[in-house]
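For the numbers below, each heavy atom of this structure counts, side chains included, while hydrogens, waters and symmetry mates do not. In the text below, chain A, chain B and the rest are named by the order of the sequence lines, each starting its count at 1.
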Amino acid sequence: MPIVNADVAAVFDEIADLLEVQDANVFRVRAYRNASRMLSELGRDVKTMVERGEDLDALPGIGPDLAGRITEIVGTGRCALLDDLRKQVPPAVTGLLKVPGLGPRRVAALHHALGVRTLPQLLRAARQGRVRAVLGFGPKTEAHIVDAVTARLQTERRVRLSVADQVAQALLAELKAIPGVQQAVAAGSLRRCRDTVGDIDLLATVDSAAARGPVMERFTGGRGVKRVLMHGATRSSIVLDSGLQVDLRVVPPASFGAAWLYFTGSKAHNIALRRLAQEQGFKLNEYGVYQGARRLAGGTEASVYGALGLPFIAPELREDRGEIDAARAGTLPALVERADLRGDLHAHSRDSDGHDSLEAMAEAARQQGLAYLAITDHSKRLGIAHGLDADRLARQIDRIDALNARLHGIVLLKGVEVDILEDGRLDLPDELLGRLDLVVGAVHHRFDLPRAAQTTRLQRAMDHPHFSILAHPTCRLIGERPAMDVDLPAVIQHARQRGCFLELNAHPARLDLDDQACRLAQGEGVLVSIASDAHSALELDGLRFGIGQARRGWLSTHDVLNTRPLSALRTLLGRTMGRPASRVGAVRERMTRTVHRALPNNP
DNA sequence: GCCGTTTTCGGCCCGACTGTTTTCAGTCG
């Protein structure tokens with residue numbers, strides 16, 4: 001197995017864990033954590049950088065020491081420092097850090113005093129009353145450990161964005177109904193539109209300090225609250241019956257902006273901002289920007305950024321991935337918004353596995369403010385979805401033509417979500433695909449091909465002269481199925497060469513392309529189709545989740561295919577659909593020969 | 001362990017809450 005960035009990041013994370021338990025210098029630990037995060041978010045392959053002899057020191061947070069470790073890991077697959085640390089501390093001990101409330105100090109204390117290494121051992125010790133005997137521990141901590149370990153063994157951690165969104169909206173409605181509450185908003189990773197959410201962060205302002213107490217009482221004593229983790233004057237945490245954790249912070253209105261900024265994060269963005277404030281002689285906290293005791297800003301987020309000499313930075317960008325430098329330089333992108341979408345290029349009807357008729361889908365799209373909607377039902381290989389064969393698709397084409405003659409304010413585009421077969425061929429005859437407005441291709445089986453074969457499979461599909469858009473390119477299902485092992489940069493480059501497009505599937509279970517991949521596509525100049533993959537009229541609303549992900553990927557209106565008016569869209573699709581036959585044929589021949597050689601299981 | 005138009009050494013974000021203390025360390029976000 002080749003070493004990828006995530007492998008190096010995992011090594012650095014484990015080193016950080018082990019160093020922490022050994023009570024190492026916190027800044028040394030932080031250096032490993034920062035490097036781990038940087039590597040997992042880096043758009044370039046660090047192994048390739050090493051092989052090309054590029055200067056690793058140029059990467060942020062990488063100095064001579066870490067550069068040497070990266071080179072070692074990439075070259076040998078091992079890390080001597082990690083091996084040493086594992087000899088000094090049983091590696092399993094770092095698993096105890098996952099227990100809420102147990103940090104490095106306490107884990108080390110428990111390990112040394114009781115010899116516990118694993119969660120079951122810790123649970124046994126706590127139940128036997130041995131934990132409270134350790135210096136610094138008492139009966140409450142001991143009981144908490146029993147609860148936390150038991151819960152940890154049976155709960156899952158992160159939920160999909162759409163789930164968190166529903167819960168948060170319901171809680172916010174309740175909060176706003178409490179007397180004294182002025183504003184109540186969502187913050188945290190939910191507001192940043194991350195694809196999954198670990199806990200829900202809410203922020204409220206109250207009209208007087210006296211109102212805080214009752215608000216916190218109502219929050220921690222509400223229906224559906226399984227446990228109260230923390231109950232303070234300005235901050236409380238609860239666990240809902242569903243297992244979701246919710247944090248509420250209450251601040252005065254004058255601090256609303258600073259608090260929203262702080263509570264939205266990300267942590268890395270906050271740290272970078274606070275350093276920036278420090279450099280300018282200010283102090284930034286959740287109450288405002290201060291110069292000495294004087295508050296310079298805090299009522300709105302824009303005022304806080306302004307006091308630091310920055311324009312407003314959209315929540316989706318706040319990951320410390322270059323947004324602060326871009327803000328200073330005045331080069332922040334004008335991010336795409338839901339209202340910019342003119343159409344949707346991936347939706348199903350009841351002709352395959354959708355719930356609604358062509359007419360109902362068209363009407364729903366019109367009500368969503370869209371000017372066009374592509375009907376892309378499945379092809380025949382996907383029998384479970386009642387996929388269309390050539391005859392049924394031909395009849396659907398005729399029906400859509402007839403329907404368009406009657407529709408007003410919306411145009412249905414004739415498409416298909418055709419299966420990409422294992423060898424890269426498409427699941428329907430060329431002649432029929434040629435009659436469509438667009439061909440959306442997708443993988444629905446054999447997710448497990450080796451990386452090279454999977455990559456070639458996608459590239460070969462794109463070589464088809466009628467191919468328009470690669471749907472859900474990695475086929476991940478959040479929390480259920482990992483992304484396929486595929487060379488995404490190579491696929492994106494191939495799309496650019498072929499004039500094809502990549503989809504950002506907006507379904508909250510997919511969000512595929514993800515944010516990082518969007519940035520890669522943008523970098524290659526490949527337009528992205530933000531598509532709902534709706535299987536019912538209601539699901540067209542899911543486009544907003546795709547917008548959030550696209551914004552996290554720094555995409556502007558210009559980077560998105562379906563922000564184009566219909567005429568411009570047809571022109572762009574025409575580059576793939578209507579190429580002059582001779583030239584396309586020649587290119588295709590060449591590509592196909594290359595691909596055939598590369599595919600191991602091809603004759 | 002990294003980093004630098006104040007620094008190659010001395011910094012490294014900042015505050016709330018809890019539990020176990022008798023003034024604070026540890027943890028978390």
Side-chain angles (χ1 to χ4, degrees), chain A residues 12 15-16 19-21 23-38 56-70 81 96-110 131-145 148 187-190 192 197-203 212 216 220 228-238 245-251 255 258-290 308 318 320 324:
Chain A
F12 284 179
I15 289 175
L19 285 173
E20 266 199 314
V21 175
D23 198 18
N25 180 314
V26 292
F27 299 108
R28 187 180 176 210
V29 174
R30 189 179 299 173
Y32 279 98
R33 295 237 186 268
N34 287 342
S36 169
R37 194 182 77 96
M38 187 279 299
L56 295 174
D57 286 30
L59 295 172
I62 301 298
D65 216 85
L66 291 180
R69 303 228 185 273
I70 293 174
L81 173 62
L96 303 182
L97 290 169
K98 300 283 192 294
V99 178
L102 289 192
R105 287 278 164 73
R106 289 180 157 178
V107 166
L110 289 170
V131 167
R132 71 178 70 187
V134 181
L135 187 67
F137 291 79
K140 285 203 172 180
T141 306
E142 187 175 79
H144 173 74
I145 286 174
S189 51
L190 173 60
R192 301 200 312 278
V197 173
D199 52 28
I200 294 176
D201 297 310
L202 305 178
L203 172 70
R212 287 191 314 205
M216 285 302 184
T220 55
V228 178
L229 299 175
M230 194 189 282
H231 183 151
T234 69
R235 174 174 210 153
S236 293
S237 289
I238 59 172
Q245 181 176 329
V246 186
D247 298 343
L248 173 66
R249 190 79 194 249
V250 179
V251 298
S255 295
W260 206 13
L261 184 57
Y262 154 75
F263 222 24
T264 296
S266 65
K267 182 176 174 178
H269 180 81
N270 284 347
I271 290 174
L273 277 187
R274 288 176 179 193
R275 294 182 74 143
L276 190 61
Q278 219 177 27
E279 287 167 20
Q280 300 176 33
F282 304 143
K283 187 176 71 170
L284 171 61
N285 59 28
E286 57 263 54
Y287 298 106
V289 181
Y290 293 85
L308 302 179
R318 299 179 194 169
D320 193 23
I324 292 175

Pairwise [atom1] distance, [M] and [N] [rounded to whole Å]:
N	M	atom1	result
B:dG26	B:dT21	P	13 Å
B:dC28	B:dC13	C1'	14 Å
B:dG1	B:dT8	C1'	14 Å
B:dC3	B:dT7	C1'	10 Å
B:dG10	B:dT6	C1'	13 Å

Once salt bridge (charged side-chain N to carboxylate O under 4.0 Å, His left out) is applied, do any residues pair with A:Asp320, and if so which ones, sequence neighbours excluded?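 Partners of A:Asp320 under the salt bridge (charged side-chain N to carboxylate O under 4.0 Å, His left out) test: A:Arg37.
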
Any residue meeting salt bridge (charged side-chain N to carboxylate O under 4.0 Å, His left out) with A:Glu286, in chain and number order, not counting sequence neighbours: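 Expected list: A:Arg249, A:Arg274.
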
Contact list (N/O, under 3.5 angstrom) for nucleotides 18-21 of chain B vs protein:
| from | atom 1 | to | atom 2 | distance (Å) |
| --- | --- | --- | --- | --- |
| B:dT18 | OP1 | A:His231 | N | 2.6 |
| B:dT18 | OP1 | A:His231 | O | 3.4 |
| B:dG19 | O3' | A:Thr141 | OG1 | 3.0 |
| B:dT20 | OP1 | A:Gly138 | N | 2.5 |
| B:dT20 | OP1 | A:Gly138 | O | 3.0 |
| B:dT20 | OP1 | A:Pro139 | N | 3.4 |
| B:dT20 | OP1 | A:Thr141 | N | 3.3 |
| B:dT20 | OP1 | A:Thr141 | OG1 | 3.1 |

In whole Å, what is the span from the [atom1] atom of [X] to the [atom2] atom of [N]?
X	N	atom1	atom2	answer
A:Ile62	B:dC3	CD1	C1'	13 Å
A:Leu102	B:dC28	CG	P	7 Å
A:Asp199	B:dT27	CG	P	19 Å
A:Phe263	B:dC17	CZ	P	11 Å
A:Arg28	B:dC3	CZ	P	16 Å
A:Asp201	B:dC28	CG	P	15 Å
A:Ile238	B:dC17	CD1	P	16 Å

Once base and sugar-phosphate atoms are separated, protein heavy atoms under 4.0 Å mark nucleotides 6-14 of chain B, 5' to 3', with B, S and - as ------BBB

Within a strict 4.5 Å, meaning less than it, do heavy atoms of the [X] and [Y] side chains meet?
X	Y	result
A:Leu273	A:Ile324	yes
A:Tyr262	A:Asn285	no
A:Leu110	A:Leu102	yes

Please check this pair: side chain of [X] against backbone of [Y], looking for a donor-acceptor N/O pair closer than 3.5 Å.
X	Y	result
A:Ser266	A:His269	yes
A:Glu142	A:Arg132	yes
A:Arg235	A:Asp247	no

Under the ring-ring contact (aromatic ring centres under 6.0 Å, His included) test, residues paired with A:Tyr32 that sit two or more places apart: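 Checked A:Tyr32 against ring-ring contact (aromatic ring centres under 6.0 Å, His included); matches are A:Phe12.
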
Within the structure, does a side-chain N or O atom of A:Arg33 lie under 4.0 Å from either OP1 or OP2 of B:dG1?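 Result: no.
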
Under 4.0 Å between a side-chain N/O of A:Tyr32 and OP1 or OP2 of B:dG1, yes or no?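 Looking at the OP1 and OP2 atoms of B:dG1, one of them is under 4.0 Å from a side-chain N or O of A:Tyr32.
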
Taking only residues two or more places apart in sequence, or in another chain, which ones meet A:Arg105 in a side-chain hydrogen bond (donor to acceptor under 3.5 Å, both in side chains)?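 Here the qualifying residues are A:Asp23.
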
May I ask you to say what A:Ala233 touches in the nucleic acid, namely base, sugar-phosphate or nothing, with a heavy-atom cut-off under 4.0 Å?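 Result for A:Ala233 = sugar-phosphate.
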
Touch class at under 4.0 angstrom, heavy-atom based, for A:Arg132 against every strand present: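 No contact at all - A:Arg132 keeps every heavy atom at 4.0 Å or more from the nucleic acid.
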
Write down the partner of B:dT8 under the Watson-Crick or G-U wobble criteria, each distance required to be under 3.5 Å.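 Base partner found: none.
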
Which residue lies more 5' along DNA chain B, comparing A:Pro104 with A:Arg249 via nearest heavy atoms: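 Comparing both residues, the 5'-ward one is A:Arg249.
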
